[in-house]
Peer 1: 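Shown below is the structure under consideration.
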Amino acid sequence: MSENLSFVSPTPNSPWGTYLQQVDRVIPYLGDLARWSETLKRPKRALIVDVPIEMDDGTVAHFEGYRVQHNMSRGPGKGGVRFHPDVTLEEVMALSAWMTVKTAAVNLPYGGAKGGIRVDPKKLSLQELEKVTRRYTSEIGIIIGPHTDIPAPDVNTNAQIMAWMMDTYSMNVGGTATGVVTGKPLHLGGSLGRVKATGRGVFVTGREGARRIGLDLRGARIAVQGFGNVGSVAAELFAEAGAKIVAVQDHTGTIVNENGLDLSKLIPIARTVAGAVSFKGGDVIPNDKFWDVPCDILIPAALEGQITAERAKKTTAKLVLEGANGPTVPEADDILAERGVLVVPDVICNAGGVTVSYFEWVQDFSSFFWDEDEINVRLDRIMMNALNHIWDTADKHKITLRTATYAVACERILMARQERGLYP
Ligand code: NAD
């Protein structure tokens, strides 16, 4: 359980505290809408649920689950579900708020939400994992739905888990409600391109960032922290564009090769329980040394709070692409800006996933499915339009891309709030 049960007093150095500071920084750019800004600092609704299951050995285990709906002024809640032993209510609050900003930044008709279960899924059998997923879905079933709040995959959750969530919700309401979650398997209303969408979005925004600072992707050295859905796909796309992936860190450790890691061999190995460190085509180094590896582009794609002030001071990267949510603490953000390092912030950099989730939801409602080229062309266009608009805002006010993204997004969110008015 999170120690902090208040919306307004974050635990020091917590993701929620980081988010609140990010909001404070944008208030001067909101004009008259600033009078609504407190809305951004409080989730609309936070649900804590008990998830009891009978384990394979006959014992009964209890897990704690959360679903937070941060803001729904612009549409239904949207956001992933994370299975991780360190998940807290406060972390889920921050992740839900970042979803609000992200969906508004790319102008999708959604609000922001997020969910999580405090569990280590690697310690569960497949049957136990299914039971945890189904019981959690049933417990949060009172607030999710195709028109109210639509979960998706996040850390340690995948298409199979989304299929169980869709089935459980459907059984409880009667009928087949494919639109209740996104990131589903293809034959259950999933969308082509969804699995790779977040990594692809990191590549699209990173390619533009590199172009704007005059960094040639051919031969560029890239360090990637987190080598799951987001990190491995982004790495693959950059390697295809001619970059060298010189360092990879996952939960098993750090592996480096200054000539570039062979991704065709590393990716299948990293997917096994043995993880990236069991790959023989590079040297294993201590985790702390990952931040010292000379690189041109740094892609944090694991968890929050990874780029600390100390790490920001020493990185040689010219470009940071935030595949993960909340990887940079505010102090480190300032240091990177002072050092002239361009940061493409999470709320636009990793928005490719929710964009293709939106395509999936639209396709489910129309029961008409697009081919992969159409998905990728539309994804590229939406992300580039959003990024260009954000860049213009950053140039106009001489602010960082992060503050500019918040300015664009928060104006849309608070305008919707103002136009809808307060009930009663
Ligand atoms: P994933 O479960 O597929 O992969 C997570 C990766 O992080 C794994 O390689 C794991 O080994 C690594 N990792 C975990 N703990 C670590 C640690 N302490 N140090 C180093 N590596 C560690 O998850 P994902 O879906 O790729 O999500 C990664 C990040 O991207 C998260 O911050 C998530 O919120 C964000 N994100 C994901 C999506 C999506 O569509 N999946 C969309 C937007 C943002």
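Both counts, for ligands and for their atoms, begin at 1 and track the order of listing. This chain uses plain numbering: 1 for the first residue, then up along the sequence.
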Peer 1: Going from OH on Y136 to OH on Y66, what distance comes out if it is rounded to the nearest 0.5 angstrom?
Peer 2: 10.5 Å
Peer 1: Taking the six-membered ring for Trp and the single ring otherwise, decide whether the centroids of H70 and F7 are under 6.0 Å apart.
Peer 2: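 Here the rings of F7 and H70 have centres that are no less than 6.0 Å from each other.
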Peer 1: Work out whether the distance between some heavy atom of R194 and some atom of ligand 1 is less than 4.0 Å.
Peer 2: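 Right, R194 reaches ligand 1.
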Peer 1: How long is the gap from CD1 on I269 to CD1 on I255, to the nearest 0.5 Å?
Peer 2: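 Reported to 0.5 Å precision, the distance equals 8.5 Å.
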Peer 1: Considering heavy atoms of the protein only, find what lies nearest to atom 3 (O) of ligand 1 and give residue, atom and distance to 0.1 Å.
Peer 2: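 Scanning the protein heavy atoms, the shortest distance from atom 3 (O) of ligand 1 goes to N229 N, 2.9 Å.
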Peer 1: Run the salt bridge (Lys or Arg N to Asp or Glu O under 4.0 Å) check on E304 and R82 step by step: do they pass?
Peer 2: CA-CA 13 Å; E304 303 88 35; R82 178 174 293 194; 2.7 Å; yes
Peer 1: I need the contact type for N325 against ligand 1. Using non-hydrogen atoms and a strict under-4.0 Å cut-off, is it side chain, backbone, both or neither?
Peer 2: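 Both parts.
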Peer 1: For atom 10 (C) of ligand 1, which candidate among R82, H251, E304 holds the nearest heavy atom?
Peer 2: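 That would be H251.
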Peer 1: Suppose we measure from atom 7 (O) of ligand 1 to each protein heavy atom; which comes out shortest, and what is that distance?
Peer 2: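 Ranked first by proximity to atom 7 (O) of ligand 1 is G226 CA, 3.5 Å.
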Peer 1: As an exercise, identify every atom of ligand 1 less than 4.0 angstrom from a heavy atom of N156.
Peer 2: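 Counting atoms of ligand 1 from 1, those under 4.0 Å from N156 are 2 (O).
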Peer 1: Within ligand 1, which atoms have a heavy atom of N350 less than 4.0 Å away?
Peer 2: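 Contacts of ligand 1 toward N350, numbered from 1: 43 (C), 44 (C).
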Peer 1: Looking only at protein heavy atoms, identify the closest one to atom 27 (O) of ligand 1 and say how far it is in Å.
Peer 2: V155 CG2, 3.6 Å
Peer 1: Out of curiosity, L192 CG to E360 CD, how far, rounded to the nearest 0.5 Å?
Peer 2: 10.0 Å
Peer 1: Would you say K102 and ligand 1 have an N/O pair spaced under 3.5 Å apart?
Peer 2: no
Peer 1: Counting non-hydrogen protein atoms only, what is the nearest one to atom 9 (O) of ligand 1? Give residue, atom name and distance.
Peer 2: F227 N, 2.8 Å
Peer 1: What I want to know is whether K114 and ligand 1 share at least one N or O pair that is separated by under 3.5 angstrom.
Peer 2: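 By distance alone, the answer is no.
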Peer 1: Looking at ligand 1, does any of its N/O atoms fall within less than 3.5 Å of an N/O of D154?
Peer 2: yes
Peer 1: Considering heavy atoms of the protein only, find what lies nearest to atom 21 (N) of ligand 1 and give residue, atom and distance to 0.1 Å.
Peer 2: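 Sorting protein heavy atoms by distance from atom 21 (N) of ligand 1 puts D250 C, 3.3 Å first.
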Peer 1: For this output row, return yes or no: ring centroids of F365 and H147 closer than 6.0 angstrom.
Peer 2: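 Yes: the rings meet the under 6.0 Å criterion.
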Peer 1: To the nearest 0.5 Å, tell me how far L95 CG sits from T100 OG1.
Peer 2: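 Reported value, rounded in 0.5 Å steps: 11.0 Å.
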Peer 1: Considering both backbone and side-chain atoms of L303, is one of its nitrogen or oxygen atoms within less than 3.5 Å of a nitrogen or oxygen in ligand 1?
Peer 2: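 No; every N/O pair is 3.5 Å or more apart.
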Peer 1: Are D149 and K44 close enough, and set up right, to give a salt bridge (Lys or Arg N to Asp or Glu O under 4.0 Å), and what steps lead you there?
Peer 2: CA-CA 12 Å; D149 180 1; K44 174 183 176 63; over 6 Å; no
Peer 1: Out of A301, A324, G326, who is nearest to atom 28 (C) of ligand 1 when you count heavy atoms only?
Peer 2: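 Looking at heavy atoms only, A301 sits closest to atom 28 (C) of ligand 1.
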Peer 1: With respect to G231, determine whether any N or O atom, backbone or side chain, lies less than 3.5 Å from an N or O atom of ligand 1.
Peer 2: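 Looking only at distances, the answer is no, because the N/O contact criterion of under 3.5 Å is not met.
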Peer 1: Give, for atom CZ of F359 and atom OG1 of T182, the distance between the pair rounded to the nearest 0.5 Å.
Peer 2: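 OG1 of T182 is found 12.0 Å from CZ of F359.
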Peer 1: Can you report which non-hydrogen protein atom sits closest to atom 19 (N) of ligand 1, along with the distance?
Peer 2: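 Minimum-distance protein heavy atom for atom 19 (N) of ligand 1 reads Q249 OE1, 3.8 Å.
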Peer 1: What residue and atom, counting heavy atoms only, is the protein's closest point to atom 40 (O) of ligand 1, and at what distance?
Peer 2: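 Looking at atom 40 (O) of ligand 1, the protein heavy atom closest to it is T198 OG1, 2.7 Å.
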Peer 1: Could you walk me through whether R402 and E322 pass side chain to side chain contact (heavy atoms under 4.5 Å, CB included), step by step?
Peer 2: CA-CA 11 Å; R402 190 185 314 280; E322 294 188 339; 2.9 Å; yes
Peer 1: To the nearest 0.5 Å, what is the distance between CE on M72 and NZ on K78?
Peer 2: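 So the CE of M72 and the NZ of K78 are separated by 11.5 Å.
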Peer 1: Could you tell me whether R211 and E208 have a side-chain N and a carboxylate O separated by less than 4.0 Å?
Peer 2: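 Yes, charged N to carboxylate O under 4.0 Å.
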Peer 1: I'd like the name of whichever of G228, A276, A302, C349 reaches closest to atom 4 (O) of ligand 1 through any heavy atom.
Peer 2: G228
